[in-house]
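These notes are about the structure you will find just below.
The model shown is predicted, which means the values in this text are computed figures rather than measured ones.
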Amino acid sequence: MRKAKEIALKVALAYVLLGILWVILSDYFSVILAHEKLSLYIYFQRFKGWFFIFVTGVILYLLVYRRTRDVLHSNEQLRKKERELYIQNEQYHSLFKHNPDGVLELDLKGKIMAVNPEAEALLESSQEELEDIQLRNFLKEEDIKVVTGHFIDTLSGKGSMFETNIHLAGEKAKILRCSFIPIIVSGEVTGVFAIARDITQFRKNEEMMIVSEKMSVIGQLAAAVAHEIRNPLTSLKGFIQLMQTTGSVNRDHLDIMLSEVDRIDLISGEMLILGKQQDLHYQIENVDSILKQVIVLMKAQANIDNVSIDHKPYSVEPLYVEAEANQLKQVFINIIKNAVEAIPHDRRGRVSISLNRKDNEAIIIVSDNGTGMDPERIEKVGEPFYSTKEKGTGLGLAICKKIIEKHKGNIVFHSEKQKGTVVEICLPLIQGNSLRETAERERKS
């Protein structure tokens, strides 16, 4: 409104100034003409009004035309912008409503402002039931801190991805893969979009695949373990027969028999623990202890294949990681088994296993003097259904890679043709109070 007044005032001032200027000039010329030529003076007086109207009309026309043209152009641009905004709004609405993932709009405090139909199905609640409810209401206490951290990071303007568990009515739980995306308006973060996908079944299938591969590995180890157990059984049988023949008991023989029984118990115990179906439970574990348990099993197969296994522990201090022990055993067994099988039978085989520390990571290195691999094969190692073995499926190393990723670590392969392969596994170490408490507990026990 103020702008319109300014424009009107400018037009009025222009008209008044033109009028004043015209009056002064016309009177001046009238006086001159009256002295020089009366007929020309009369003619000028007669048409000066018409001339003024014509001149002011042209000037006003130009002024109004220019202003009207600008206004119409602005209106056209405005309509164009409105059309673009409408299209963008429809696109956003379509992306929001028809997204195959659940989408939740959250305010700066984490309250749910709007949800799409998929999110309603995911949370098993309607839009009306979810409005003004805190997202944290669906989380357990141990997950709230992690999700809140991602939410705060997103409020600073950067998105984040993570996995979490949600809990619904009737003790029902789901695993979600989530993304937090900041809503930025005029350079300010006004809220957060939470995009979630239910991966509960995917995780179940993944765990089933891991269990299936583990049972396959156990089956392959069974023959070697049976052969390893047969040796001490043969010794036991010989000593028993000797006792029957002599009718006497030799204490040295009893000590040997007892050590052989302990060896059988150790090997069979490890097989039973590995094969037992257990719920996933991440806890603080000693990496070297897990490696020693695996080496007990793997020495059976290594002996059959004429391969020696050298173990170099980290002697400075125990290294603890948060892990599921059976899954880490599965990884180490797969890696060592592959190393043993990569060594030709006509070669004196050697597999070296070492544990070291680098910064805040435990580094497990498994190396062999086998046939090695070409660089192009190294790039594909760990991909499902890609194997360097004639009858391999490639699932073993793919599952190893997946397990290590779930433990927030990484696995790297280095190899050189005819010189061998080195596998490097990195796992984050436990820091702070948890580590000290665990070390104290082990010391007391």
**Request:** Search all heavy atoms of I430 against all heavy atoms of V321 and return the closest pair with its distance.
**Result:** CG1-C, 3.7 Å
**Item:** Sequence-distant partners of E124, side-chain hydrogen bond (donor to acceptor under 3.5 Å, both in side chains), two or more places apart
**Value:** K172
**Request:** Go through the structure and list residues passing side-chain hydrogen bond (donor to acceptor under 3.5 Å, both in side chains) with T371, not counting sequence neighbours.
**Result:** none
When you measure from the side chain of [X] to the backbone N and O of [Y], does any donor-acceptor pair fall under 3.5 Å?
X: H311; Y: L355; answer: no
X: N116; Y: D101; answer: yes
X: K174; Y: L122; answer: yes
X: S415; Y: G372; answer: no
X: D305; Y: V307; answer: no
X: D359; Y: E361; answer: no

**Request:** With the side chain counted from C-beta on, respond yes when I87 and R83 share a heavy-atom pair under 4.5 Å apart, and no when they do not.
**Result:** yes
**Prompt:** A114: what forms a side chain to side chain contact (heavy atoms under 4.5 Å, CB included) with it, not counting sequence neighbours?
**Reply:** F96, E105, Q127
**Message:** Is it the case that the ring center of H150 lies less than 6.0 angstrom away from the ring center of F180?
**Reply:** no
**Electrostatic pair R79:E82 at N-O distance under 4.0 angstrom** = no
**Message:** Other residues, nucleotides and ligands only: do more than 12 of their heavy atoms fall within 6.0 Å of CZ on R66?
**Reply:** no
**Request:** Take I335 and I364 through the side chain to side chain contact (heavy atoms under 4.5 Å, CB included) test and state the conclusion after the steps.
**Result:** CA-CA 11 Å; I335 298 299; I364 303 99; over 6 Å; no
